[in-house]
There are 2 protein chains.
Amino acid sequence: MPKETFFNLPEEKRQHFLEIALAEFASHDYANASISRIVAQAGIAKGSFYQYFADKAELYRYLLELGAQQKAQFLATPPPEADMDIFAYLAWLAQTGVQFELAHPQLSQIGYRAVKSGDVPSELMQQARASAYTFFAQLVAQGKTQGSIDAQIDEELAAFIFHTIITELGGYLLSRVEENAADRLADGRSFFDSPAADLFNQTIHILQFGMGTR
Amino acid sequence: MPKETFFNLPEEKRQHFLEIALAEFASHDYANASISRIVAQAGIAKGSFYQYFADKAELYRYLLELGAQQKAQFLATPPPEADMDIFAYLAWLAQTGVQFELAHPQLSQIGYRAVKSGDVPSELMQQARASAYTFFAQLVAQGKTQGSIDAQIDEELAAFIFHTIITELGGYLLSRVEENAADRLADGRSFFDSPAADLFNQTIHILQFGMGTR
DNA sequence: CAGTCATATGACCGACCGGTCACATTCTAC
DNA sequence: GTAGAATGTGACCGGTCGGTCATATGACTG
């Protein structure tokens, strides 16, 4: 947690600093993100930074936490229908996740990096990854009781597949559809009216029914 | 390519150096891998290193190239049956890939890091990634003509899914089965006599038939 | 032997890093 | 006003980095 001094800062200055710090950690991994660059760009003295944060790691943890909060909030706001089919829910989840990526590309970047690389093997990240797996495992268990997922499927394995595909799908789809970035940010929905929407549904369809001929 | 001086080195010394360099790049990402540490550990002077390689990037590229060669050779040696079913071939591919990971964990680590993180966005890596995608896309096309893959499936999307799952599956399975590392290295087959073998088949089965109830 | 050439060496360079600290400035309360 | 606390500042520290270079070593030539 940042020091009290940081929260005593004028809202505007604090936000400005956070934006710059976020950009730095989004465009460099932990080791290469530079406090010196951040303070230079934010127009504050290096000493001041250390009156806000104990060290580099604290700033990093704080940014991750902010990102997790924002994403959780994003995924919670329009709660999906209660007794949705599990694959429909999965589709909704993936779709909303991509919308979050579009709305907050930097937050997504830093989160992705944190989960992917063992750069910062803090207990925090292991915990985050584990909870993501648990979440998907519960989803699969629920799908089984619903009867929409084959009871013979290994739950953890299915959770791994869901997690992996959903995590990577957004980046892949974005790399495939060359839409104007400004357009995308202007309205998340436009992305799903594009050819990408079909690819989305196809991915879920594959997880549900496979690629094999039937 | 290393300088000629490097290849004039006694075989033993060159191998020793490569082992140490490999360990360094396997345990640190590109930015944090240290030439100073490598030369200290290898017992050579820093200046000597720069008589072998033009710079850090050249060593890195060389290690990647060596790794790619070894993996290609590994995957080529026991060529699978010619007219294998596409999913059977996929299973063989994933299995053999994991065996390679077990046999050369450091090479796998450095390759994985290179593909995953945008750390070194050299044209070399983009090319490697693209060719991997192309490979899987061709596999899917072949599966379609074979009749084992649904003709309506988007080929590139299927390639993405294959590539993603296969890339991540090894690490996941290894994290699930807590086998003695020495045992694993001693005999690659033992891994597939373990519970992991079932998870393997299940993964391929899911890609072929999906998780949904039928 | 001398001359030459490939190779080995490690002190050294400039750059950058995260983090500190003595001091300057500003704010608050009396 | 003025005392004192809170906050801001940037030169500075020790350390590490990738990379250089003058010099030493030793092997091969004639």
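So that the names make sense, note that chain A is the first sequence line, chain B the second, and so on, each numbered from 1.
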Mind checking A:A33 for me? I need base, sugar-phosphate or nothing, with any heavy atom below 4.0 Å counting as a touch.
sugar-phosphate

Please report the distance, rounded to the nearest Å, between CZ in A:F6 and C1' in D:dG8.
15 Å

Report yes if at least one side-chain N or O of B:R37 is closer than 4.0 Å to OP1 or OP2 of D:dC17; otherwise report no.
yes

In residues 8-27 of chain A, which residues come under 4.0 Å of DNA chain D by heavy atom?
A:N8, A:L9, A:K13

Over 12 non-hydrogen atoms of neighbours within 6.0 angstrom of CD in A:Q202:
yes

Just by distance, no angles: are the side chains of A:Y112 and A:E168 close enough, under 3.5 Å, to form a donor-acceptor pair?
yes

Contact under 4.0 Å: B:T5 side-chain N or O vs C:dA6 OP1/OP2
no

Is the cationic atom of A:K56 (NZ for Lys, CZ for Arg) positioned less than 6.0 Å from the six-membered ring centroid of A:Y50 and within 45 degrees of its normal?
no

Spatial distance of atom CZ (A:F100) from atom CD (A:Q95) [nearest 0.5 Å]:
16.0 Å

With a 4.0 Å cutoff (strictly under), does any side-chain N or O of A:S34 reach OP1 or OP2 of C:dC16?
no

When you compare the side chains of B:E65 and B:Y60, does any donor N or O come within less than 3.5 Å of an acceptor on the partner?
no

The residue, A:I35 or B:G43, whose nearest nucleotide of DNA chain C is more 5′ is B:G43

What residues 44-52 of chain A contributes to the DNA chain D interface at heavy-atom separation below 4.0 Å is A:A45, A:K46, A:G47, A:S48, A:Q51, A:Y52

